[in-house]
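A quick write-up on the structure given underneath.
Each ligand, and each atom within it, is numbered from 1 in the order the structure gives. Side chains included, hydrogens not; waters and symmetry mates left out as well; all remaining heavy atoms used.
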Amino acid sequence: MKIARDTLNFILEVCKSSYPKEFAGMLSATGDVITDVVVVPGTESTDESAVMQLFMLPNIRTVGSVHSHPTGNTRPSAADLELFEAKGSVHIIVGAPYTISSWTCYDKEGNTVKLEIVDYEFKENEENW
Ligand code: ZN
């Protein structure tokens, strides 16, 4: 699995602008490249946790999740591990100060995985929508 550089930058920005609250969303991919972040409607964000209302999730294919840890510690909590297991196979935790080096990617079981950053060309008028 890979992630588009622009998508990662967007994630870092939105995590930064949510600070000191947590940001949470779902990841969606084009082929094997993560290209989109889906913000789940009704996500309740506090400085403690962002609880996603998963039943509100739009009917699209998602490959995993992303959320921020304002504490800067990117280790998954017990609740995070439950979400990882339930939803997809790629899970990003971004810690403050939300720079290119302050995020960690995990698999379903909570093991650290390497996510390659690629330059992905976003097409403006994609045909088969
Ligand atoms: Zn967490």
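- T35 approaches A29 most closely through the heavy-atom pair OG1-C, 3.9 Å.
- Looking only at side-chain heavy atoms (C-beta outward), M1 and L115 come within less than 4.5 Å of each other.
- Ring geometry, H91 versus F84: the interplanar angle falls under 30°, so the pair is classed parallel (tilted spans 30 to 60°).
- Protein-derived N/O/S atoms nearer than 2.8 Å to the Zn ion (ligand 1) total 4, waters excluded.
- Between I93 and D80 the shortest side-chain heavy-atom distance falls below 4.5 Å.
- F23 and S18 make their closest contact through CB-OG, 3.5 Å (heavy atoms, listed as atom of the first residue, atom of the second, distance).
- To the nearest 0.5 Å, the span separating NE2 on H67 from CD on E22 amounts to 5.0 Å.
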